[in-house]
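Written below as structure tokens is the structure these notes are about.
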Amino acid sequence: IFWALEKRYGVDINYDEAKFRNCLLTTSISEGGKFNIIDIICEAIGASYTVDNTQIVIHGSGCN
């Protein structure tokens, strides 16, 4: 889903793919701004994010 957001909004999203590989999310992201959507995703997977210059960095312990 982060890859799709990168393409949709033209931003770089940096995250540890190995940590978040097992995260499952079922939601609609057709509406809302990029930060609203990222807020929803991060809340659902127990993560947070920061904005570092031109990229969004996802933080968290991942999913089991």
Side-chain angles (χ1 to χ4, degrees):
I1 197 163
F2 292 132
W3 178 84
L5 290 174
E6 286 180 321
K7 300 303 176 205
R8 180 176 179 177
Y9 293 108
V11 297
D12 290 324
I13 300 177
N14 185 352
Y15 62 98
D16 186 333
E17 187 175 334
K19 282 185 181 179
F20 293 103
R21 178 177 297 142
N22 294 323
C23 296
L24 299 176
L25 178 65
T26 303
T27 188
S28 173
I29 60 166
S30 60
E31 296 182 19
K34 67 183 163 197
F35 292 110
N36 182 46
I37 293 169
I38 293 172
D39 285 338
I40 292 168
I41 294 167
C42 285
E43 183 176 337
I45 63 173
S48 62
Y49 69 93
T50 56
V51 179
D52 183 21
N53 293 321
T54 60
Q55 71 175 345
I56 298 168
V57 182
I58 307 295
H59 308 276
S61 59
C63 304
N64 295 325

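All values below come from the heavy atoms of this structure, side chains included, with hydrogens, waters and symmetry mates left out.
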Set of residues satisfying ring-ring contact (aromatic ring centres under 6.0 Å, His included) with respect to Phe2, sequence neighbours excluded: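 Partners of Phe2 by the ring-ring contact (aromatic ring centres under 6.0 Å, His included) criterion, ordered by chain and then number, come out as Tyr15.
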For Lys34, all residues meeting side chain to side chain contact (heavy atoms under 4.5 Å, CB included), sequence neighbours excluded: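 Only Tyr9, Val11 meet the side chain to side chain contact (heavy atoms under 4.5 Å, CB included) criterion with Lys34.
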For residues 37-62, tabulate all N or O donor-acceptor pairs below 3.5 Å that involve a side-chain atom, not counting sequence neighbours.
from	atom 1	to	atom 2	distance (Å)
Asp39	OD1	Tyr49	OH	3.0
Thr50	OG1	His59	NE2	3.0

